Amino acid sequence: MGRHIKKRALVGDTPRADAVRTVHDRYWTRELRSAVLYGVLLFGALVLLDWGLVRLTAVRAGWWAALAVLLLIILTPPRVSAAAGRLDARGLVTHRRVRTDRLVTVRISEGVSPRVILTDTSGGRLVLDPRVLIANPLLWHHLDQGARRSLEQGTLRSGIPVLERLGRRIDGELCRGILRASSME
């Protein structure tokens, strides 16, 4: 359940001399497990309720299974991963990718559930929960490094204050975690 890192071996004297490291959301499996558990619990509760009322049929059980699968689809989080110059989010049916070294804008949508919205020069758009970046400092590091390259290249037009605020929030959470782990909080 720790972070997964893939290393690619060198091939001759190609530019791949620096091994490419892929970092995944370390809490994704836990969240997927919770989504499956909620789907199974919903299915079990509905079947037990119908069975207790002596109205359970194969058709009704099929409908309850479909409802449980729908809940599973809704609750399954996208799997976020980062590698050199890119950030990916894979859902059950979608795959979004943004080049972090070619970012154009970074925004945070305000509302009940804030989201970080990243867009790159090729039109790639990625929307993700900022809690994923807060819980995974290595994903944040990849995004931050790519955003710095975008800023140096002049492609990042807006979003620097958003990244600074997010960086301060992540640093604060990381410091609190260190203090909590060392019993100094």
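Note that the structure is a prediction, hence the values are computed from the model and not measured.
Judged by distance alone, the side chain of D120 and the main-chain N or O of R99 form a donor-acceptor pair under 3.5 Å. Using a distance-only test at 3.5 Å, with no hydrogens or angles considered, no donor-acceptor pair links the side chain of T105 to the main chain of S158. Between the side chain of S81 and the backbone N or O of L87 there is no donor-acceptor pair closer than 3.5 Å. A donor-acceptor contact shorter than 3.5 Å is absent between the side chain of R90 and the backbone of P78. N136 places no side-chain N or O within 3.5 Å of a backbone atom of L139 that could act as its donor or acceptor partner. Remark: the backbone N or O of A135 is paired with a side-chain donor or acceptor of R26 at under 3.5 angstrom. Of the possible donor and acceptor atoms, one in the side chain of W28 sits under 3.5 Å from a partner among the backbone N and O of P77. Checked by atom type and distance alone, the side chain of T100 never pairs as donor or acceptor with a backbone atom of A147 at under 3.5 Å.
If you take OG on S122 and CZ on R97, they are separated by 10.0 Å, rounding to the nearest 0.5 Å. To the nearest 0.5 angstrom, D88 atom CG is 9.0 Å from H24 atom NE2. Note that CZ of R149 and CZ of R102 are 11.0 Å apart. Values are rounded to the nearest 0.5 Å. The CG atom of D25 sits 10.0 Å away from the CG atom of D129 when rounded to the nearest 0.5 Å. We find the CG-CG distance between L156 and L151 to be 5.5 Å, quoted to the nearest 0.5 Å. Atom CG of L72 and atom OG of S34 lie 11.5 Å apart (nearest 0.5 Å).
Side-chain atoms of S109 and I117, non-hydrogen and from C-beta on, do get closer than 4.5 Å to each other. Side-chain contact between L133 and L128: present, with at least one pair of heavy atoms (C-beta onward) separated by less than 4.5 Å. When side chains are defined from C-beta on, L118 does not count as touching R125, because their heavy atoms never get closer than 4.5 Å.
At a threshold of 4.0 Å, the pair E173-R176 counts as salt-bridged, since one of the basic side-chain nitrogens sits closer than that to a carboxylate oxygen.
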**Message:** Between S113 and R115, does the side-chain hydrogen bond (donor to acceptor under 3.5 Å, both in side chains) criterion hold? Intermediate values first, please.
**Reply:** CA-CA 6 Å; S113 180; R115 300 283 185 229; 3.3 Å; yes
**Asked** Given the rule in the side-chain contact (heavy atoms from CB on, under 4.5 Å) test, do R169 and I134 qualify, once you have shown the distances and angles that lead to the verdict?
**Response** CA-CA 8 Å; R169 185 173 170 195; I134 292 169; 3.2 Å; yes
**Message:** Go through it in stages, so that I can follow the logic: the residues are V98 and L103, the test is side-chain contact (heavy atoms from CB on, under 4.5 Å), and I'd like the CA-CA distance, side-chain angles, deciding distance and then a yes or no.
**Reply:** CA-CA 8 Å; V98 71; L103 287 175; 3.9 Å; yes
**Request:** Could you give me the CA-CA distance, side-chain angles and deciding distance for V132 and E31, then say whether side-chain contact (heavy atoms from CB on, under 4.5 Å) is met?
**Result:** CA-CA 11 Å; V132 172; E31 292 178 11; 5.8 Å; no
**Request:** List the steps, then state whether side-chain contact (heavy atoms from CB on, under 4.5 Å) holds for V116 with L166.
**Result:** CA-CA 10 Å; V116 176; L166 194 56; 4.1 Å; yes
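Under the 4.5 Å side-chain contact rule for hydrophobic residues, Y27 and L32 do not share a cluster. The hydrophobic clustering, which links ILVMFWY residues whose side-chain heavy atoms are closer than 4.5 Å, places V36 and I73 apart. The hydrophobic cluster containing L48 also contains L56, counting ILVMFWY residues as joined when their side-chain heavy atoms lie under 4.5 angstrom apart, directly or transitively. One hydrophobic cluster holds both I160 and L143 under the rule that ILVMFWY side chains link at heavy-atom gaps under 4.5 Å. A continuous path of hydrophobic side-chain contacts links I108 to V106 [ILVMFWY only; heavy atoms under 4.5 Å].
For R60 against D50, the heavy-atom pair with the smallest separation is NE-OD2, 2.6 Å. Looking at every heavy atom in both residues, L126 comes nearest to A89 through CD1-CB, 3.3 Å. Annotation for L46 and W64: closest pair CD1-CE3, 3.5 Å, computed over non-hydrogen atoms. Nearest approach of A68 to F43, heavy atoms of both residues: CB-CB, 3.7 Å. Counting all heavy atoms, side chain and backbone alike, P114 lies closest to G111 at CD-O, 4.0 Å.
If you check the side chains of T155 and R157, you find no donor sitting under 3.5 Å from an acceptor.
Crowding of R131 atom CZ: a count of heavy atoms from other residues, nucleotides or ligands under 6.0 Å not exceeding 12.
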